[in-house]
Amino acid sequence: MEQELSGWMCRKCGKPLVKEKVVFDYLGHTFSEALLRCPVCGRALIPGDLAEGKMAEVETMLEDK
Amino acid sequence: MTREEVFAYTAGCYSGEPASCTFACPFRVDLRSVLKKAGRGRWNAAAKELSAALPFPAVVHALCPRPCEGACQRRTVLGEEPVAIGLIEAVCLRAGVKKERAAYTLPPLPQRAAVVGAGPAGLACALALGRKRYAVTVFERAEGWGGSLRAHPQFAAFDADFTQRFSSLEINFQYTTTVASLDELAEYDAIFLASGADGADFGLLAGWNADLGSTADPRVFLGGGLAGFSAVEGMAHALQAARAMESYLQSGNPAYAGEDWDRSKCTRYAPHPDEPPLPHVVPAGEAYTEEEAQAEAGRCMQCDCEACMGACELLQTYKKKPPRIAIDVAQDGQTRNSVSSACITRQTWSCSQCGRCAAQCGEGVDLQGLFALSRRDRVAGGAYPPAFHGYRLQELAHAAGPASLVKPAPGRTECRYAFFPGCRLGGANPAYVERSFAVLQETLGGAGILLNCCGVPALWAGEEARFQAHLERLRADWASIGRPTLVYACAACRRTLARFLPEIPLISLYELLAPAAGAPPFPELAVFDPCAGADLGEVKAAVRWLAAGSGIKPADYDSDGKCCGFGGHMELANPALYDAIAAHRCAGTEHPFLVWCVNCGEVFRARGKDCVHILDLVFGLSPGALPTLDEKKTNHLKAKEALLRMYWQEDFTAPQNPWDALEVALPPEVQEKMERRLIPLSDVKETIWRNEEAGEGFVNEAGDVVCRMAGPYLTCWVSYRRDGAIFRIADVYAHRMHIREDGEG
């Protein structure tokens with residue numbers, strides 16, 4: 001997935017995405033992960049396998065608390 | 001939410017408590033445990049348990065009238081012979097205890113206790129105190145022990161039992177000694193008076209505490225025949241009095257030994273619906289052989305009420321009994337942080353709210369209500385996953401907004417009847433609403449219309465304020481068209497309206513329709529009554545009558561109040577349980593289902609089960625493909641548009657969004673995933689449209705675009721490639737987390 005994503009650009013800013021820390025919050029908990037995001041506007045790209053994999057796992061874990 | 005409020009829901013539950021036989025037993029013997037051991041042929045272990053609970057096992061065995069057998073649920077519930085506990089007990093006692101327990105591990109205690117009377121009660125008290133190593137002296141006017149039992153034909157056996165039990169204890173027996181005054185016992189720290197029915201009470205029976213045996217003189221306790229007890233009752237009472245005496249000796253207060261042992265609890269019985277009858281084993285000789293006793297002990301049902309657990313997949317999955325659930329809900333409501341061990345969230349949001357648990361319970365335990373309370377509490381405190389009910393609440397807003405309609409009967413300003421199809425019927429097929437309304441115009445001589453949702457999605461979501469506001473709106477709408485009787489189609493609507501708007505008279509649509517002869521799609525159908533309609537006998541009968549009129553033979557099947565899986569909107573909170581329940585129901589009969597709730601029908605059809613709605617039969621409609629989430633929304637609007645045009649000659653144009661016209665190509669597997677996760681295509685189109693308009697999202701060298709739209713309860717992502725005017729969608733996915741894109745934190 002890393003290689004596949006390497007050619008992504010932000011359509012608004014026209015800049016290639018770089019790997020940077022992205023902060024998430026859910027149900028009062030905060031955590032971060034290094035992901036591709038636009039160096040100008042800061043928008044992050046969440047790939048499908050992350051959303052349906054690790055993120056879904058963390059969501060389930062927090063919902064189970 | 002208070003603890004009292006929570007525990008009120010499960011107050012009547014006795015799951016996990018001793019069985020009725022044990023409550024009936026004067027000695028509180030755990031008979032479930034004894035009979036389990038006996039059933040496995042573990043005679044010594046069973047004897048050991050009896051020996052620990054009974055002061056003189058042989059004496060009790062010979063004299064006890066066996067109230068345990070009277071309370072045996074084989075007898076009280078199933079009407080069979082009770083388990084022959086007495087005969088089994090004899091086999092256990094015959095086998096005996098392998099090793100008698102030893103008292104020498106305890107150091108002797110300095111306090112001195114006097115027991116007046118060496119009858120069964122006095123001996124039981126002396127035994128209990130002696131085992132604790134108090135210095136016990138027994139005064140007896142006769143020449144030996146036994147009291148009233150000395151004349152009993154089996155006294156030789158009792159004498160052996162007494163001897164055996166006292167063999168390892170140092171008790172000082174003073175025979176042929178009459179205590180004429182308590183002053184003679186001044187040197188003793190505690191005294192137990194058990195000198196028999198004709199013994200002296202020294203004026204202490206007045207003011208005697210029956211539970212503890214205590215009297216007006218704090219160091220004197222009283223029991224046995226002197227207090228009117230039989231030998232067995234007297235022994236059992238003496239054990240309790242010995243505990244009170246010990247409490248008095250240690251703390252000065254006998255009440256600390258108080259135990260809650262409510263004998264009335266021996267009349268609480270579990271239902272045992274599926275228990276097969278087992279004939280009582282009649283002994284070939286006078287007593288049981290071990291084999292006979294083992295077989296009879298196998299008749300013990302190990303009574304413990306689990307009626308609600310047996311009725312519900314959710315309770316079976318989590319394996320928590322009602323009292324435990326209440327503790328978790330209360331704890332969860334009070335701690336609500338990451339270190340809480342209650343872990344009730346998933347279970348709270350997985351309940352189908354069908355109420356079958358409460359219907360099974362004879363003690364008024366209401367877990368449905370408890371989970372509803374937990375949901376309301378969670379939502380009020382802001383500690384809940386909004387995604388669980390987010391989409392269903394949007395549907396509610398649609399039904400109460402653009403799709404709603406309130407009209408009196410055509411050409412009038414009021415009406416006696418109004419059709420309330422609810423938000424699901426028209427969503428499934430607008431013809432259901434249109435055709436039904438046409439029939440009602442004729443049969444009722446005109447009827448108004450109230451298109452709206454009953455509000456149950458807000459109730460299930462725990463959104464109390466929203467639910468109350470919706471009810472107010474329904475009440476006002478209903479009043480505005482002359483307070484008509486509402487003709488409902490959906491059992492969940494009926495349950496909600498009947499419970500929260502009891503002033504509205506209700507009648508089922510299915511009681512107002514006539515069967516239509518036609519070629520039935522299946523000759524035999526199993527009627528699946530919805531959970532909310534389980535107690536609506538007249539509606540169930542009407543549905544069967546309509547089916548029979550259409551040439552359908554109802555198969556031998558009873559859905560028995562079980563939910564199809566749709567109830568409570570658990571689908572996103574617990575997809576695995578939702579699937580398991582739906583699959584379970586589908587496999588419940590080989591026949592196709594006949595449903596009168598569109599939700600049941602959609603759940604079953606989505607799993608490939610053939611299913612016919614009663615309105616398909618009545619109106620000769622053939623069920624097409626299952627409508628998508630968007631089609632359901634559109635269908636509502638179509639029904640409204642058709643009714644307005646036909647009966648009130650009004651035009652209605654459904655509100656349009658700029659993204660509605662967007663042309664997309666959607667692979668079927670993505671469509672299926674969206675349906676399961678409740679992501680409508682309109683949200684996907686809006687995501688694309690907004691990003692295209694603003695030139696946002698991400699693009700790669702191949703021209704693939706990925707963009708997202710953050711909504712109130714989830715962020716929807718779409719990956720697509722533009723092909724001229726068509727947006728070819730590759731994937732749609734979502735997450736519930738929020739991205740802090742400013743990088744804070």
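Lettering follows sequence order; numbering is per chain, from 1.
Of all residues in residues 569-583 of chain B, none places a non-hydrogen atom less than 4.5 angstrom from a non-hydrogen atom of chain A.
Residue contact with chain B, scored on non-hydrogen atoms closer than 4.5 Å, is absent for A/L62. The contact between B/F388 and chain A is made entirely by side chain atoms (from C-beta outward), counting heavy-atom distances below 4.5 Å. In this structure, the portions of A/T60 lying under 4.5 Å from any heavy atom of chain B include both its backbone and its side chain. Using a 4.5 Å cut-off between heavy atoms, A/E59 contacts chain B through both its backbone and its side chain.
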task: Show your working on side chain to side chain contact (heavy atoms under 4.5 Å, CB included) between B/D332 and B/D377 and close with a plain yes or no.
output: CA-CA 10 Å; B/D332 185 57; B/D377 181 60; 5.8 Å; no
- prompt: Would B/T345 and A/D64 count as a side chain to side chain contact (heavy atoms under 4.5 Å, CB included) if you check the C-alpha gap in whole Å, the side-chain angles of each, and the deciding distance to 0.1 Å?
  reply: CA-CA 6 Å; B/T345 311; A/D64 277 337; 5.7 Å; no
message: Between B/E395 and B/R392, does the salt bridge (charged side-chain N to carboxylate O under 4.0 Å, His left out) criterion hold? Intermediate values first, please.
response: CA-CA 5 Å; B/E395 277 191 335; B/R392 296 302 182 188; 3.0 Å; yes
message: Between B/R677 and B/Y391, does the side chain to side chain contact (heavy atoms under 4.5 Å, CB included) criterion hold? Intermediate values first, please.
response: CA-CA 9 Å; B/R677 300 193 182 168; B/Y391 181 72; over 6 Å; no
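Applying the 6.0 Å contact sphere to CD of B/E669 captures more than 12 heavy atoms from other residues, nucleotides or ligands.
Among A/M55, A/R43, A/M9, the residue with the largest count of heavy-atom pairs under 4.5 Å with chain B is A/R43. Listed options A/A44, A/A51, A/C10 were ranked by heavy-atom pairs under 4.5 angstrom with chain B; first place goes to A/A44. The residue among B/D731, B/V706, B/N691 with the most heavy atom pairs within less than 4.5 Å of chain A is B/V706. When A/V58, A/L50, A/I46, A/L27 are compared by the number of non-hydrogen pairs under 4.5 Å with chain B, A/I46 comes out ahead.
Among residues two or more places apart in sequence or in another chain, the side chain to side chain contact (heavy atoms under 4.5 Å, CB included) test is passed with B/V705 by A/R11, B/V699, B/Y720. In terms of the side chain to side chain contact (heavy atoms under 4.5 Å, CB included) criterion, residue partners of B/P658 (sequence neighbours excluded) are, by chain and number, B/W689. When the side chain to side chain contact (heavy atoms under 4.5 Å, CB included) test is applied to B/E672, no partner is found at least two apart in sequence or on another chain.
Nearest heavy atoms, A/R37 versus A/K21: NH1-O, 2.7 Å.
Atom CZ of B/R736 sits about 7.5 Å away from atom CG of B/L714, to the nearest 0.5 Å.
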